[in-house]
Amino acid sequence: MATTETRTRARVVGTPVPRKEDRKLVTGNGQFIDNINLTGQVWLTVVRSPYAHARIVRVGLDAARKLEGVVAAFSGAELAADWAGSLPCAWPVTEEIRMPPHYPLAFDKARHVGDGVAVVVAETRAIAKDAAELVEVEYEPLAAVADVAQALDPGAPLVHDDLGTNECYVWKLEAGEVEQAFADAAHTLKRRYRQQRVVPAAMEPRGALAQELPGTGELTLWTSTQIPHVARLTLAGVVGVPEARLRVIAPDVGGGFGSKLDVYAEEALCLALARRLKRPVKWIEERSEAFGATIHGRDVVQEIELAATAEGKITAVRVHLTAAMGAYLQLITPGIPLLGAWVYAGCYGVSAYSLECTGVFTHTTPTDACRGAGRPEATYAIERAVDALAAELGIDSVELRRRNFITEFPATIASGLTIDSGDYNASLDRALELLDLDALRAEQAERRVRGDVEQLGIGLATYVEMCGLAPSGVLGAIRYVAGGWDAATIRCLPSGTVQVLTGTSPHGQGHETSWSQIAADELGYEVDEIEVLHGDTTVSPLGMDTYGSRSLAVGGIALHQAAQKIIAKARTLAAHQLDVGEDELEYDLGTFSAGEKAVTIKELAFAAWSAHNLPAGMEPGLEATAVYDPPNFSWPGGAHAAVVEIDTETGDTRLLRYVAVDDVGKVVNPTIVDGQIHGGVAHGIAQALFEEVVYDDDGTPLNASFAGYLVPSAAELPTFELDRTETASPTNPLGVKGVGETGAIASPAAVMNAVADALAPFGVTDIDMPATPERVWRAIQEARP
Amino acid sequence: MIPTAFDYEVAESPQHALELLGSREDAKLLAGGHSLIPLLKLRFARPSLLVDLGRIDGLSYVRDAGEWLAIGAMTRYKTLREDPLVQENCPIVSHTAGLIGDAQVRHRGTIGGSLAHGDPASDLPAVMVALGAELTIVSATGERTVPASEFFRGVFETAVGEGELLTEVRVPKLGSWTGWSYRKFTRRAQDWATVGVAAIVRRENGGVDEARVALTNMGATPLRATATEQALVAGEDDPALKIADGTDPPTDTQASAEFRAHLARVIGRRSIEEALDR
């Protein structure tokens, strides 16, 4: 023990450690699903419906089967016996919810453009694609309903005939004396907002590769997913294989934004066909295919009502939502609106609250999680309504927000949940300071007086959101099938490095770096001495994967807990080896010391492995697993501000500035946090100004490509001005909160409030997203006397 | 994403290109590929043979031809943007070439490829119409010259017939007394033009002696805005008010026909003002 080196380095948590993932990725050495090829693999192509609603009269496969290189072709009916269960929906939000079956291929009717009706398997991808064109599907086209607002109209075409209605569920939450509050209010306000349908548009499309191990029947699925563990559990049920005999691997995954928090038909098809054909089956989604086959987000009509005093104190919030499910229920489709259902009062204290959400089926691609999932919608509604209320009451909107902020924490809000901590005034103060609001208002006034063509608009959004869904008991109470916990294993190897095995499944978030930082500080290793393994159900501890900004606040804490177990065991071993009492030992950054005596965790890892001299009864090895179920959600908040310049002749809206001050608790890696906020803000700006899936009356999407569906590029975005305030979360030992969605949650409201601000002098009282040039121009025309 | 199967041949000369083109009924010329390759991947175009013009050095040039500049059909946007002869003598062409796509697109895309593709949302066609450019088309039997005003026939349809090859574009030199502008409206920096307006004015004695205004994406082909041209020469107020007269703009998810007509008037006015100021 004489050679013990004393650790003197500074802690790395809180510092911008360069991402460990990036060298591989930026040099093109990532291993994405399409980089993986197996000997003997064949390619799957799915034949998809060009109709939003059609009876499948006949599926002609002869010509496809005859093409050289085609291995097999099947209709939906021919594969019906392969399914032990329907594709999963894990959030039946009410007892009465209508849950129509959803099999990997349709066999009676196609219910949205892109619904799979047949498959072809061929030796090459090109042959599979050629053969798919030879499949002759005879359809009887039927009337469709694509508009969420028309789904419940009398006579609207039914998506599922046997349900007799397009209503999926009605979910209600009511707390406090809502009716009374509205009756007593000095002022009430009602607004209707529209959350247009958007495409999550991950850079890497989906893909899957399935293999049956010869002789054992064990199945392995490589899939571009956020949720390998949940996929294993649920796909085992779809294809009828014991969960323990299915291995799911998420290799490098190029983004998900919620779209890969799902279990898809093609994953089940690859598994079933690999089992049938005894050859590995691979499917890679085409981008144009993705517009119909991968879930969409939003598509909600919102009605929000505020009751307020004359002084602008909001007393009650009442919300009615009509939310499109699409044609089927995907993994958590019904629950998405509910993820915002508790926070439609935003960061404002109200005494009465009610929300009713009606989920409806439409002849469209199913909706499901898209970055923020429910909370961007909630934030948008309350923040736009608060601006409208301020205007109607003649109170400055900043002042009105301050009069309503929750300021004492923990705060149990009217909807029933408890916000752990926050300081909304601090974030707002900082955002206004960065913005230099007074100077901007002065310039805006000058432009208005001059009647400039290009007018300024300034918009604010203050927000609080709930992420890191937990605890598990609460999730059970709201009928979410899974728990909210996660797990981590730390394995100290004898030669001085560490394996961290995490139940989270990063797909761009940088967990390998952040988890290394946490373990490095707890155990006194260098970041580079730690290897983080994830995304393989055979390697990782059973976990709940990565979505909903949960990974750090749940999986990161599980890792921290596992480190405490390592330290506790190491302490016992250190005392034994140093021949001192455990309570005599000081511990700092990987080193136990007692006076002159010291030993590091690294050295103890070898001693624990050799096991030559352990205390009586101690198990060999230095390895620990912890499972963490948080006591509460994670509650980030903050203030965002947007400055737009509108060309009032063309309606063109450009963002001049974007200020984001977020409070995400303690920060592990500021570069990664900034990156998450950058991406989220860009995502929300995209919804505010650019993106929208447009359907025609027949339910055919009109802009299902990146030529027509406008994802903005860096050229359309300003340099974001970021800062943070820091309110440590009291619910976890690292004080961290989630950050993956905050940008997307705050930014649509901030940008649209800015657009509305710019247009107010023209008499425009409201405008929907996205604020396209034509929509802005028409709003100005229509408002003109 | 996966095209149908096709053969690929590299043409070594214009003559070789014509031979290869004549060898199959459905052969297609590859002259940059930014329009053609997406069409192949979407399986909208299904040629059995692609003839790559990219390695014919003799089709990439800018030459002084007296009153004209002669530009080889395979001259890339980047060259048009940066060539001193073009910058000095026909700056509207170098300016417009610099607005196309992004740097990667401008390194691949060619003037001939763009014009022969006949996409009504492309920028250079309207500029060529405004300029009164002349286009040289060769075939196995000879060579002919077509004015830009007769070159564009419809959506993706031009005067280049089967077995023919566009080899050269001639644009007039603009004197120092000529004002010009090309402006386009796009949602994103790299998008095709929602609408675009090219304006070229010859000024004399404080008035406008001659005006040529052409529109991008206001119909199946680039269109001359003759009413606006006449109003400009007549010295009327806001000649751009008439810019959409006689046009037939498309409706798509970027803009309705009505909004395109409005945009053309706004962008047209700005374009004309810029041309008059330049």
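Protein chains get the first letters and strands the later ones, always in sequence-line order, with residue 1 at the start of each.
- For A:Thr650 against B:Ile267, the heavy-atom pair with the smallest separation is CG2-CD1, 4.2 Å.
- Taking CZ from A:Arg775 and CZ from B:Phe259, the interatomic distance works out to 11.5 Å, rounded to the nearest 0.5 Å.
- The pair B:Arg260-A:Glu774 does not count as a salt bridge, with every side-chain nitrogen at least 4.0 angstrom from each carboxylate oxygen.
- Interface residue A:Ser288: only side-chain heavy atoms are found under 4.5 Å from chain B.
- The CD1 atom of A:Ile127 sits 11.5 Å away from atom CD1 of B:Ile2, with the distance rounded to the nearest 0.5 Å.
- More than 12 heavy atoms of other residues, nucleotides or ligands shown are found within 6.0 angstrom of CD on B:Gln87.
- Neither the backbone nor the side chain of B:Arg265 comes within contact range of chain A; no heavy atom of the residue lies under 4.5 Å from a heavy atom of that chain.
- Closest approach of B:Thr186 to A:Arg654, counting heavy atoms only: O-NH2, 3.2 Å.
- Of all residues spanning residues 92-102 of chain B, none has a heavy atom less than 4.5 Å away from chain A's heavy atoms.
- The parts of A:Pro773 that come within reach of chain B are both its backbone and its side chain, each placing non-hydrogen atoms under 4.5 angstrom from that chain.
- Between B:Thr253 atom OG1 and A:Glu692 atom CD the span is 9.0 Å, to the nearest 0.5 Å.
- For chain A, the option among B:Thr194, B:Leu42, B:Val266 with the highest count of heavy-atom pairs below 4.5 Å is B:Val266.
- Residue B:Ala189 comes nearest to A:Glu716 through the heavy atom pair N-OE2, 2.5 Å, listed as atom of the first residue, atom of the second, then distance.
- A distance of 7.5 Å separates CG in A:Asn703 from CD in B:Gln254, rounded to the nearest 0.5 Å.
- Looking at A:Val453, only its side chain comes within 4.5 Å of chain B, counting heavy atoms on both sides.
- With a threshold of 4.5 angstrom between heavy atoms, A:Glu133 approaches chain B through side-chain atoms but not through N, CA, C or O.
- B:Arg43 approaches A:Ala126 most closely through the heavy-atom pair NH2-O, 4.0 Å.
- Both the backbone and the side chain of B:Ser256 come within contact range of chain A, with heavy atoms under 4.5 Å apart.
- In terms of heavy-atom pairs under 4.5 angstrom with chain B, the leader among A:Val694, A:Thr772, A:Leu702 is A:Thr772.
- Proximity to chain A among residues 215-240 of chain B is not found for any residue, judged by heavy-atom separations below 4.5 angstrom.
- At a 4.5 Å heavy-atom cutoff, the contact between A:Phe690 and chain B is made by backbone and side-chain atoms alike.
- With hydrogens and angles disregarded, a donor-acceptor distance shorter than 3.5 Å links the side chain of B:Arg188 to the backbone of A:Val711.
- Residue B:Asp252 does not touch chain A at all, counting heavy-atom pairs closer than 4.5 Å.
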- [ ] Might you work through the side-chain contact (heavy atoms from CB on, under 4.5 Å) test for B:Met1 and A:Arg125, ending with a clear yes or no?
- [x] CA-CA 10 Å; B:Met1 226 212 96; A:Arg125 192 178 184 188; 4.2 Å; yes
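- A salt bridge is absent between B:Lys41 and A:Glu286; no separation between the charged side-chain nitrogens and carboxylate oxygens falls under 4.0 Å.
- Heavy atoms from other residues, nucleotides or ligands lying under 6.0 Å from OH of B:Tyr8 number more than 12.
- At a 4.5 Å heavy-atom cutoff, A:Ile284 makes no contact with chain B through either its backbone or its side chain.
- Closest approach of A:Trp777 and B:Glu258 over heavy atoms only: CH2-OE2, 4.2 Å.
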